[in-house]
Amino acid sequence: MTEDSVSVAKRLFEAWEREGFGVVPELMHAEVEYVNPPYAVEPGTRRGYEGFAIAAEAVRAVYPGRRFIPLEFHDAGSRVAVRARVVARGAGSSVEVDTERGYVLEVRDGKLVSLAWFNHPHEALASVGLGG
């Protein structure tokens with residue numbers, strides 16, 4: 001159900017805002033995938049709660065106060081493309097980053113099975129067939 005996918009995506013972003021970016025077991029499948037794009041410093045896919053937690057910790061280590069502020073949710077069936085504002089300050093830096101990123105969340109049976117991020121929101125839209 002597509003409403004469920006968007007609802008799960010919204011609940012995840014709410015949990016990350018409250019508790020910080022990381023594993024949310026009640027909303028994630030045990031074999032969840034965290035997908036870095038090919039141009040990432042560490043490209044590839046991390047799997048399971050442990051892999052997701054390691055990827056999230058790497059993000060927190062570089063940007064300890066990072067916030068994800070969802071701006072738009074685009075329903076694509078079991079996948080949801082999200083345009084989000086990311087506000088962060090690098091560890092040990094006074095420079096603030098305030099930019100938009102794209103995310104694709106794939107949901108199955110009410111749980112996140114995959115999260116992929118992109119430097120540009122149009123990449124997320126294109127990856128789910130919604131243009132971009």
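In this chain, numbering begins with 1 at the start of the sequence shown. These values consider heavy atoms only, across backbone and side chains, with no hydrogens, waters or symmetry-generated copies.
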Specify the closest pair of heavy atoms between P37 and P43, including all atoms of both residues, with the distance to one decimal.
O-CB, 3.4 Å
Beyond-backbone contact of V23 with M28, side-chain heavy atoms, under 4.5 angstrom
yes
Rounded to the nearest 0.5 Å, how far does OG of S78 lie from CG of L105?
11.0 Å
Any side-chain to backbone donor/acceptor pair from H120 onto H122? Under 3.5 Å, distance only.
no
Using atom types as modelled and distance alone, determine if a side-chain donor or acceptor of E19 lies under 3.5 Å from a backbone N or O of W16.
no
Looking at K111 and A30, would you say the former's side chain and the latter's main chain have a donor-acceptor pair under 3.5 Å?
no
Measure the spacing between CG of D98 and CD1 of I69 and express it to the nearest 0.5 Å.
7.5 Å
Pair F118-Y103, ring-ring contact (aromatic ring centres under 6.0 Å, His included): steps then yes or no
CA-CA 6 Å; F118 302 89; Y103 299 88; 8.3 Å; no
So which heavy atom on A56 is nearest to which on G22, and how close?
CB-CA, 3.8 Å
Short side-chain to backbone donor-acceptor contact, S114 and E106, under 3.5 Å:
no
Please check if V107 and Y49 belong to a single hydrophobic cluster, counting links between Ile, Leu, Val, Met, Phe, Trp and Tyr side chain heavy atoms closer than 4.5 Å.
yes
R46 and E50 ion-paired at < 4.0 Å:
no
Note: P64 and A91 closest approach over all heavy atoms is CD-N, 3.8 Å
Treat each ILVMFWY residue as a node, draw an edge where side-chain heavy atoms are under 4.5 Å apart, and state whether F73 and L130 are in one component.
yes
Taking atom OH of Y63 as the centre, report whether more than 12 heavy atoms of other residues, nucleotides or ligands fall under 6.0 Å from it.
no
So T99 and R85, do their side chains get closer than 4.5 Å, heavy atoms only?
no
Report yes if the side chains of V86 and F68 come closer than 4.5 Å at any heavy-atom pair, otherwise no.
yes
Tell me whether N36 contacts the main-chain N or O of E42 through its side chain, where contact means a donor paired with an acceptor under 3.5 Å.
yes
Distance check, rounded to the nearest 0.5 Å: H74 atom NE2 versus R83 atom CZ?
6.5 Å
For the hydrophobic clusters of this structure (ILVMFWY residues joined by side-chain heavy atoms under 4.5 Å, transitively), does one cluster hold both V59 and V32?
yes
With under 30° as parallel and over 60° as perpendicular, where do the rings of F52 and F21 fit, or are they tilted in between?
tilted
Ion pair check, R67 and E17, cut-off under 4.0 Å
yes
Are side-chain heavy atoms of E123 and Y39 found at a separation under 4.5 Å?
yes
Do you know the tightest heavy-atom contact between R79 and V128?
NH2-CA, 3.4 Å
For V8 and G110, the nearest pair of non-hydrogen atoms, with its separation, is CG2-O, 3.5 Å
How long is the span from the CG atom in L12 to the CD atom in E26, to the nearest 0.5 Å?
8.5 Å
Minimum heavy-atom distance between G77 and S5, given as atom pair plus value
O-OG, 3.1 Å
Is there a side-chain contact between D75 and V6 (heavy atoms, below 4.5 Å)?
yes
Might you work through the side-chain contact (heavy atoms from CB on, under 4.5 Å) test for V82 and F13, ending with a clear yes or no?
CA-CA 10 Å; V82 180; F13 276 90; 3.9 Å; yes
Between E14 and R11, does at least one N-O distance fall below 4.0 Å, as a salt bridge requires?
no
For R47, is there an ion pair with E33 - N to carboxylate O distance below 4.0 angstrom?
yes
